[in-house]
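Since the structure comes first, as structure tokens, the remarks are kept for the end.
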Amino acid sequence: MQKFFSNKKLIVLLVTLIVCMGLVAMSVGLRNSKKAPNFVRQFGNDVVGITNQVVSVPANGIGHGVDALTDLVNTYQENKDLKAQLDDLAQTKVQTQTLKEENASLKKELKLKGTLTDYTTVTASVLSRNPDNWQNALVINKGALAGLKKNMPVMSESGIIGRITEVNKTNSKVELVSSTSGSSNGFAAVVDTKDGKQVNGIMTGYNADRKQLKLGQIKTDTNIAKGDKVITSGLGGLTPKGLYIGKVASVKKDDYGLALTVYVTPAADLNNLTVVTVIKRTIEGE
């Protein structure tokens, strides 16, 4: 019985399709026949129009669905491409900023070379700096093969940052002026006062809280003022004379009033060292 009803539905569907096709064919014929009355031709036009709408609605829906799917795929691809471009742009910005910083450091070192006419110089990059020993030392990428020797002074941004304490073939260790090591050798320095006098002293340490160097062994009757320049004196023979250290920040008397401690702001940024310059004596001075 169920099979019979199923066959019956199929027969009804086929008959309906045949009748619709017949009506369409007849409507087209009536519409194109000039002899047919106006209302008959109008009826044919209406039937054709309705049939076209019935057929076109599903077709248009499918077409719009395909277009929407295509637009979705295109939008996804464009979004993916834009994200990739943003990633590339961010990386480019980082690279550009890094190059700018390196370029600025190199320019400062080149300017430094121009001022040290009595000395030869070697430019080097900082290889490593141990966080546990950050304040005391760093390693540079030049060594004995570049002519470096122990006790040569090292500068950055036109200011003394330390001296070489160990030399290997391709790298060297630099002890910084901010070192807290009791065995570190202080630089012999001189203060150029505003009244034209020079006052000798020794760099005796570094105050981490102030971020300033300490210059000691200075007489109390000497007039030293804030802003006076501090340079190497050349005494002791380890460091050439006239290398810039920094400027006087403040002056303090000891507890007995017999000596002064001068606090000096370093010319170089000791926390941001990437490119340095090693100072070598000229051949005549060696």
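Just so you know, these numbers come straight off a predicted model, no measurement behind them.
To the nearest 0.5 Å, the span separating CD on Glu175 from NZ on Lys150 amounts to 10.0 Å. Between atom NZ of residue Lys229 and atom CD1 of residue Ile245 there is a gap of 13.0 Å, rounded to the nearest 0.5 Å. The distance from the CD1 atom of Ile164 to the OG atom of Ser172 is 4.5 Å, given to the nearest 0.5 Å. To the nearest 0.5 Å, atoms CG (Asp209) and CG (Asn207) are separated by 5.5 Å.
Under a cut-off of 6.0 angstrom, the local environment of NZ in Lys194 is crowded, with over 12 non-hydrogen atoms contributed by other residues, nucleotides or ligands.
In this structure, the side chains of Val275 and Thr123 come closer than 4.5 Å at one or more pairs of heavy atoms. Contact check for Leu243 versus Ile231: no side-chain heavy atoms found under the 4.5 Å cut-off. Counting only heavy atoms from C-beta outward, the side chains of Phe187 and Val177 approach each other to under 4.5 Å. When side chains are defined from C-beta on, Gln135 counts as touching Tyr206, because their heavy atoms get closer than 4.5 Å. Contact of the Val139 side chain with the Val174 side chain is not registered, since no non-hydrogen atoms from C-beta on lie closer than 4.5 Å. Taking 4.5 Å as the limit, every side-chain heavy atom of Asn141 sits out of range of all side-chain heavy atoms of Asn171. Contact of the Leu148 side chain with the Ile140 side chain is registered, since non-hydrogen atoms from C-beta on lie closer than 4.5 Å. Counting only heavy atoms from C-beta outward, the side chains of Thr261 and Tyr263 approach each other to under 4.5 Å.
Val276 approaches Ser156 most closely through the heavy-atom pair CG1-CB, 4.3 Å. Taking both residues in full, the closest heavy atoms of Gly143 and Val167 are given as C-CG1, 4.0 Å, listed atom of the first, atom of the second, then distance. Here the shortest heavy-atom pairing between Val190 and Thr232 reads CG1-O, 4.1 Å. Across every non-hydrogen atom of Lys142 and Ala124, the tightest pair is CG-CB, 3.5 Å. Across every non-hydrogen atom of Ser178 and Asn136, the tightest pair is O-OD1, 4.2 Å. Across all non-hydrogen atoms, the minimal contact from Ala268 to Ile161 is CB-CG2, 3.6 Å.
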Next item on the list: Apply side chain to side chain contact (heavy atoms under 4.5 Å, CB included) to the pair Val278 and Thr121, showing each step before the final yes or no.
Entry: CA-CA 6 Å; Val278 182; Thr121 61; over 6 Å; no
Margin query: For Thr265 and Arg210: C-alpha separation, side-chain torsions, deciding distance, then whether side-chain hydrogen bond (donor to acceptor under 3.5 Å, both in side chains) applies.
Written below: CA-CA 9 Å; Thr265 301; Arg210 293 175 177 236; over 6 Å; no
Next item on the list: Using the side chain to side chain contact (heavy atoms under 4.5 Å, CB included) rule, take Leu215 and Thr204 through it: C-alpha gap first, then chi angles, then the decisive distance, then the call.
Entry: CA-CA 6 Å; Leu215 179 64; Thr204 58; over 6 Å; no
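Counting only N and O atoms by type, the side chains of Asp192 and Gln198 include a donor and acceptor under 3.5 Å apart.
Both Met152 and Leu176 belong to a single network of hydrophobic side chains, linked directly or stepwise wherever heavy atoms of I, L, V, M, F, W or Y lie under 4.5 Å apart. Transitive grouping of hydrophobic side chains (ILVMFWY, heavy atoms separated by less than 4.5 Å) keeps Ile202 and Leu213 in distinct clusters. By the rule that hydrophobic residues join a cluster once side-chain heavy atoms approach within less than 4.5 Å of another member, Ile160 and Ile279 end up as members of one cluster. Hydrophobic clustering of Ile, Leu, Val, Met, Phe, Trp and Tyr side chains at less than 4.5 Å, counting indirect connections, keeps Met203 apart from Tyr244.
Using modelled atom types, no side-chain atom of Arg129 and backbone atom of Leu138 make a donor-acceptor pair closer than 3.5 Å.
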